Amino acid sequence: MSAPHAILSNRLAAARPSATGAVSELARRLAAEGRSIISLSEGELDFDTPAHIQYAAIKGIIGGQTRYTSVGGTPALKAAIQRKFRDDNDLDYQPSEIIAATGAKQLLFNALLATLNQGDEALVIAPFWVSYTEMVQIADGTPVVITPPAGDHFKLTPDLLAAHITPNTRWLILNAPCNPSGALYSREELAALADVVRKHPRILVLSDDIYEKILYEGSFTSFAQAAPDLKDRVLTINGVSKSHAMTGWRLGYAGGPAWLIKGMELLQSQSTSNPSSVSQAAATAALDGPQEFLDDWRDRLRVRRDTALSILAQTPLLSISRPPAAFYLFADCGKAIGLRTPQGQVIGSDLDLARYLLEEAGVAVVPGTAFGLAPYLRLAFALSDERLKLACERIVAACGQLAKA
Ligand SMILES: Cc1ncc(COP(=O)(O)O)c(C=O)c1O
């Protein structure tokens with residue numbers, strides 16, 4: 001029994017730690033024990049932050065950009081964000097409608113905390129990025145999970161959306177390109193979803209565009225771009241983590257209605273204050289500087305995606321559709337369920353399969369359960385060609401050892 005003082009708040013009672021983090025942690029532990037582990041569980045690019053961004057940060061430090069800034073970001077960064085939204089997304093946000101934070105994660109957290117009351121519902125589309133449902137719960141809201149059919153990358157349809165709206169619905173959380181499915185919506189598809197949202201004036205839309213730049217096929221449209229008349233009900237979230245290989249710099253940004261941005265800024269002012277001044281200098285350079293390096297990154301990632309798909313096609317136990325965007329494969333592993341490992345254990349779930357692959361093949365993947373959909377595995381392909389190839393070959397070999405129970 002725990003000591004009387006060791007009681008966490010009710011707010012945390014339903015929250016779980018990040019499942020992706022747990023797998024990475026186990027992989028790190030096995031690696032520390034000397035096992036050869038290849039991690040396909042990380043949600044980040046293996047590329048270095050481009051040199052011109054690194055230099056901008058160093059210049060920022062030497063030039064004295066080392067003090068507190070305005071909570072929502074420096075004027076220079078806000079101007080760069082304003083230009084980015086205008087040039088890339090046809091979205092015109094004033095500085096009072098823009099906020100920078102310590103990663104997109106903090107923006108999501110602040111937005112939900114600033115708007116949800118007990119009983120309010122947030123619609124989340126499965127498979128979903130692990131933190132959405134947890135953040136909604138921590139903010140006292142109720143996540144309502146919609147699970148579209150697997151075809152066409154689990155995309156939400158207007159009918160499904162309409163069927164899940166109640167008088168308590170406060171948010172529709174959209175993430176495209178999607179982590180983990182890679183789903184990408186066309187302008188027409190977003191406009192059709194907007195037709196439903198338009199009928200319900202209380203609903204806000206959170207458009208998580210963080211994978212906007214990691215695109216192999218098709219083109220990107222942001223939700224507010226597809227439905228300009230709803231712009232005042234949309235929070236457009238983005239960041240430099242995935243677009244510029246800057247996960248560790250912790251810098252995200254958002255555009256939205258001034259009342260919401262103000263509420264988010266109030267929360268931020270009482271928690272972390274401004275995002276790192278040095279990261280702001282770096283992000284300003286990232287957004288204002290050359291973007292051509294992204295073509296090369298996309299080409300390299302596309303090759304990795306296709307290499308991984310062709311190797312994994314050798315096992316009949318995984319069924320994977322080709323993602324048009326982001327850097328994850330979301331593999332249906334239903335055919336592995338019920339099979340027996342060489343050690344005699346029955347694979348009863350995607351969690352069991354992930355554990356088996358880690359222990360038997362030395363490959364870390366994330367079970368679909370973490371993303372609200374089982375039995376699936378998420379495999380990130382943002383690692384060197386050689387290691388990715390080796391990891392996929394190991395997975396195929398380990399799957400080949402599973403036998404009928
Ligand atoms: C869909 C999605 N949104 C937001 C984030 C958080 O990004 P940031 O590093 O800017 O906090 C991630 C990170 O993995 C993500 O996958």
Side-chain angles (χ1 to χ4, degrees), residues 17-24 39-47 49 53 73 77 81 84 99-113 122-136 143 153-156 171-185 205-215 220 222-223 235-255 264 268 271-272 275-276 279-280 282-283 286-287 301 323 325-330 366 368 370-373 378-383:
S18 155
T20 42
V23 177
S24 307
S39 178
L40 305 186
S41 65
E42 309 292 345
E44 61 185 348
L45 294 169
D46 62 321
F47 305 136
T49 302
I53 302 173
L77 176 58
I81 294 167
K84 186 268 169 223
I99 182 171
T102 304
K105 211 165 189 175
Q106 188 184 20
L107 295 161
L108 287 155
F109 199 83
N110 286 352
L112 295 169
L113 215 56
L123 301 175
V124 179
I125 322 305
F128 48 76
W129 178 53
V130 291
S131 292
Y132 295 139
T133 47
E134 303 303 317
M135 285 187 187
V136 169
H153 302 286
F154 309 92
K155 277 199 255 182
L156 178 66
W171 281 102
L172 164 63
I173 301 181
L174 273 183
N175 167 221
C178 171
N179 170 12
S181 71
L184 180 66
Y185 291 76
V205 178
L206 198 156
S207 182
D208 181 346
D209 298 353
I210 194 105
Y211 292 94
E212 169 185 6
K213 300 291 178 189
I214 315 292
L215 217 63
F220 175 80
S222 193
F223 185 87
L235 182 67
T236 308
I237 291 189
N238 213 320
V240 290
S241 281
K242 320 286 175 175
S243 57
H244 295 77
M246 292 176 70
T247 42
W249 299 76
R250 310 309 303 125
L251 203 295
Y253 55 88
M264 292 164 65
Q268 198 162 300
S271 53
T272 57
S276 150
S279 296
Q280 291 190 64
L287 295 177
L301 287 167
F327 41 77
Y328 308 103
L329 301 179
F330 199 56
V366 188
F371 307 95
L373 201 67
R378 190 195 74 173
L379 301 86
F381 54 83
L383 68 164

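Order of listing sets the numbers, starting from 1, for every ligand and every atom in it. This is a predicted model, so every value here is computed, not measured.
Side-chain rings of Y211 and F220 stay apart, their centers remaining 6.0 Å or farther from each other.
Side-chain contact between L40 and F381: absent, with no pair of heavy atoms (C-beta onward) separated by less than 4.5 Å.
Evaluated for a side-chain contact (heavy atoms from CB on, under 4.5 Å) with Y253, the options T236, I237, N238, L77 yield exactly one hit, N238.
The residues lining ligand 1, counting any heavy atom closer than 4.0 Å, are G103, A104, K105, W129, Y132, N175, N179, D208, I210, Y211, S241, K242, R250.
With 3.5 Å as the limit, one finds a donor-acceptor pair spanning the side chains of Q106 and T272. Side chains of W249 and S276: a donor-acceptor N/O pair is absent below 3.5 angstrom, by distance only.
In plain terms, the two heavy atoms of G182 and P323 that are nearest each other are CA-CB, 4.2 Å.
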